[in-house]
Protein chains: 2
Amino acid sequence: MESAPKTKTRIEDIRRVELIEAAHRVFLKSGLNGLTTTRICQEAGMSQGILTYYFKNKDEVLFEMVRYANRVLMDDVVVRLRQAKTNWQRLMAIIEGNFPEASYNANTANAWVSFYAAAASNARYNMLQRLFYRRLRSNLSSALNSVLTPNRVDRFAQGFAAMIDGLWLRRGHSEDLTAAEAISLLTEYAEQALGVDMVDKLRKPTAELL
Amino acid sequence: MESAPKTKTRIEDIRRVELIEAAHRVFLKSGLNGLTTTRICQEAGMSQGILTYYFKNKDEVLFEMVRYANRVLMDDVVVRLRQAKTNWQRLMAIIEGNFPEASYNANTANAWVSFYAAAASNARYNMLQRLFYRRLRSNLSSALNSVLTPNRVDRFAQGFAAMIDGLWLRRGHSEDLTAAEAISLLTEYAEQALGVDMVDKLRKPTAELL
DNA sequence: TAAGAAATTGTTAGCGCGTACAATTTTTTG
DNA sequence: CAAAAAATTGTACGCGCTAACAATTTCTTA
C-alpha cells in the first residue's frame, strides 16, 4: 500500500550511492586528506549543498565509502575462496585476493595508509579496522583449522596480517614492488611458517561434509 | 677571531633544538595532524611568533623533527650493533633495536603511521622514508652478506622491512601486541627465511679483519 | 649606562574547510 | 494545470590554521 515513498526512496538511494562512489574515486586518487565536500560533489557532478541533504555530514559519507572500498577489494577474496577446492587453495585465495593486480598501486596503497592514520583518532574507523582484521582471521581459520590449533592460527594470523599491511604500506613508496612479488613474499612466508608437512596436508582435497 | 656571533649562534641552536624537541613530544602524543604551530610553541613554552624567527616555516620544523625522531629510535639499533660479536647478533640487534620496549606503543605507532600517510604527498618526507629503508638494507647487508648474494639480501630485506612496518602499523590499534611478540615474530621470520644452515653460519664469531 | 642589536611577543590578514540555510528548480499529485 | 512536495543550487558564516609583521622586551657592547 505504500506506493508514495517508492520513487522518493529510489532517488535517495541512487544519490547516496553516487556520492559514495564519487568519494571512492577521489579516495583512490588522493586519500582521505584530498576528500573535501567540494571535491566529492564536483566528482559526482552535483553541487556542494547536496551532500548534507542525503547524509548527516561528511564523516557519514566517508565512513560508508570506506566500507564500500573494502568491499570492492575483498570481493576478489570472496570469489577466489568460492572456487577453492583444497585448504591450500583457500589460503592462496586469501593471499592473491589481498593483492589484486589492478588495485595494488601506489595511489591505492597511500589511500589506505591515510585511512589507517585517520583511524588513530576516529573511533568508527577504528572499529572498521578491527572488523577487517577479524574477517581475515576468520578466513585464515577456515583454511587452517585442520592443521593448526586456534592459538596457532592466532599467532599465524598476527604475522600474516602484519605482512599484508606492511606490503601495502611499502607499496605506497616503492615503485618497484609488484603484486606478483607481494604474493610471492607472502606465500613464501606462509609456506615457511607452516612447514612442508602441513602444506602437504592442506593440499589434499577437503573431505566434504555433506 | 669570531667572538661576536658566538652567543647569537648558541641561542639560535638552543631554540631550534627546543622547538624540535617540543614538536617531537607533540608528535609522539598526537601524530602529524595534531602538530599546529600554536601547539608546538606552547609545548616549548614560547609564543607563536618565535617559530618563523628560527625556522623558515612549520614544514621545516616538522622535517627536522622527523629526522630527530628517527634518530632517537635508531640509536637503539646503533648501540646494539656496536656490541654485536657475531653476524647473528648483528641481525638480532636490528630486530630488537626496531622494537624498543619503551617506544613500541600505540601513540608512537600511530604517529609514525601519520608520517607515512603524509609522505604520500610530501616529497621531502618521501626522501626520508627512502633513506630510512636504505639504512635498514645496508645494516641487513652487513649482517648477511657472508651468506646471501646481494640479490638475496634485497629480497630478504623486502619481506623483512614489510614485516617491521606491518608490526608497527598494527601496533597502533592492537592493544595486545607487545614488543616481545613483535621481536619473536620477526625473529621467527628471519630464521625461517634463512634456514638452519645459514643461521648456524651466522652464529659463528666473525673473522676479524685487522 | 646609553644606543643599538637580538630575541620575543601578540595581533592580524588570508585561506580552505564544513555545514546551515534561503532561494530556486524540478517532480509529483489531486 | 495548479499547488504542494521533493530535489538541487548557491551563498555565507564561523572555525582553525599558517605566516607575516609591528610592537615590545631583553641582551650586548662600546
Side-chain angles (χ1 to χ4, degrees), chain A residues 1-23 26-27 29-66 114 117-118 121-122 124-125, chain B residues 1-23 26-27 29-66 114 117-118 121-122 124-125:
Chain A
M1 296 302 159
E2 300 205 1
S3 57
K6 186 167 45 176
T7 62
K8 170 195 163 192
T9 331
R10 206 173 272 160
I11 286 221
E12 181 166 336
D13 288 347
I14 290 173
R15 290 287 173 276
R16 283 177 62 99
V17 170
E18 282 176 345
L19 283 167
I20 289 171
E21 287 177 345
V26 179
F27 174 67
K29 254 182 271 168
S30 347
L32 284 183
N33 297 331
L35 272 170
T36 67
T37 49
T38 313
R39 263 188 94 181
I40 296 171
C41 294
Q42 109 184 4
E43 172 74 32
M46 310 179 198
S47 103
Q48 308 93 311
I50 205 82
L51 200 143
T52 46
Y53 186 70
Y54 288 114
F55 290 89
K56 206 177 103 213
N57 55 27
K58 192 191 116 183
D59 280 347
E60 206 60 33
V61 189
L62 262 53
F63 180 75
E64 297 296 336
M65 181 275 289
V66 171
S114 79
S121 54
N122 183 320
R124 302 188 71 193
Y125 285 175
Chain B
M1 296 301 157
E2 302 202 1
S3 56
K6 187 167 45 176
T7 61
K8 171 195 164 190
T9 330
R10 207 172 271 158
I11 285 220
E12 181 165 336
D13 287 348
I14 290 173
R15 289 289 172 274
R16 282 177 63 98
V17 169
E18 282 176 345
L19 283 167
I20 289 171
E21 286 177 346
V26 178
F27 174 67
K29 253 181 270 167
S30 350
L32 284 183
N33 297 331
L35 272 170
T36 68
T37 49
T38 313
R39 262 188 95 182
I40 296 171
C41 294
Q42 110 184 4
E43 173 74 33
M46 311 177 196
S47 101
Q48 309 93 310
I50 205 83
L51 199 144
T52 47
Y53 185 72
Y54 288 114
F55 290 90
K56 206 178 101 214
N57 54 29
K58 193 191 116 183
D59 279 348
E60 206 60 34
V61 189
L62 262 52
F63 180 75
E64 296 296 335
M65 180 275 289
V66 171
S114 79
S121 54
N122 184 319
R124 302 188 72 193
Y125 286 175

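We name chains A, B, ... by the order of the sequence lines, and we start the count at 1 in each one. What you see below is based on every heavy atom in this structure, not just the backbone, and it leaves out hydrogens, waters and symmetry mates.
For A:Arg16, there are no salt bridge (charged side-chain N to carboxylate O under 4.0 Å, His left out) partners two or more places apart in sequence or in a different chain. For A:Glu18, the salt bridge (charged side-chain N to carboxylate O under 4.0 Å, His left out) partners are A:Arg15, not counting sequence neighbours.
The distance from atom CD1 of A:Ile14 to atom C1' of D:dT8 is 15 Å, rounded to the nearest whole Å. What separates CG of B:Asp13 from P of C:dA6 is a distance of 16 Å, to the nearest Å. Regarding A:Arg10, its CZ atom lies at a distance of 14 Å from the C1' atom of C:dT27, rounded to whole Å. Rounded to whole Å, the distance from CZ on B:Arg15 to C1' on D:dT26 is 11 Å.
Atoms CE and NZ, on A:Met65 and A:Lys58 in that order, are 9.5 Å from each other to the nearest 0.5 Å.
Taking every heavy atom of residues 45-66 of chain A and every atom of DNA chain C, pairs under 4.0 Å involve A:Thr52, A:Asn57, A:Lys58, by number. A heavy atom closer than 4.0 Å to some atom of DNA chain D occurs in no member of residues 30-42 of chain A.
Nearest heavy-atom pair across A:Ser114 and B:Ala117 is CA-CB, 3.9 Å.
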Please tabulate, one pair per line, all N/O donor-acceptor pairs under 3.5 Å involving side-chain atoms of residues 45-56 of chain B, not counting sequence neighbours.
from    : atom 1 : to      : atom 2 : distance (Å)
B:Thr52 : OG1    : B:Gly49 : O      : 3.4

What side-chain donor-acceptor pairs closer than 3.5 Å can you find for residues 30-38 of chain B, not counting sequence neighbours?
from    : atom 1 : to      : atom 2 : distance (Å)
B:Ser30 : OG     : B:Val26 : O      : 3.4
B:Ser30 : OG     : B:Arg39 : NH1    : 3.4
B:Ser30 : OG     : B:Arg39 : NH2    : 3.1
B:Thr36 : OG1    : B:Arg39 : N      : 3.1

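Checking side-chain atoms of A:Asp59 against main-chain N and O of A:Leu62 turns up no donor-acceptor pair under 3.5 Å.
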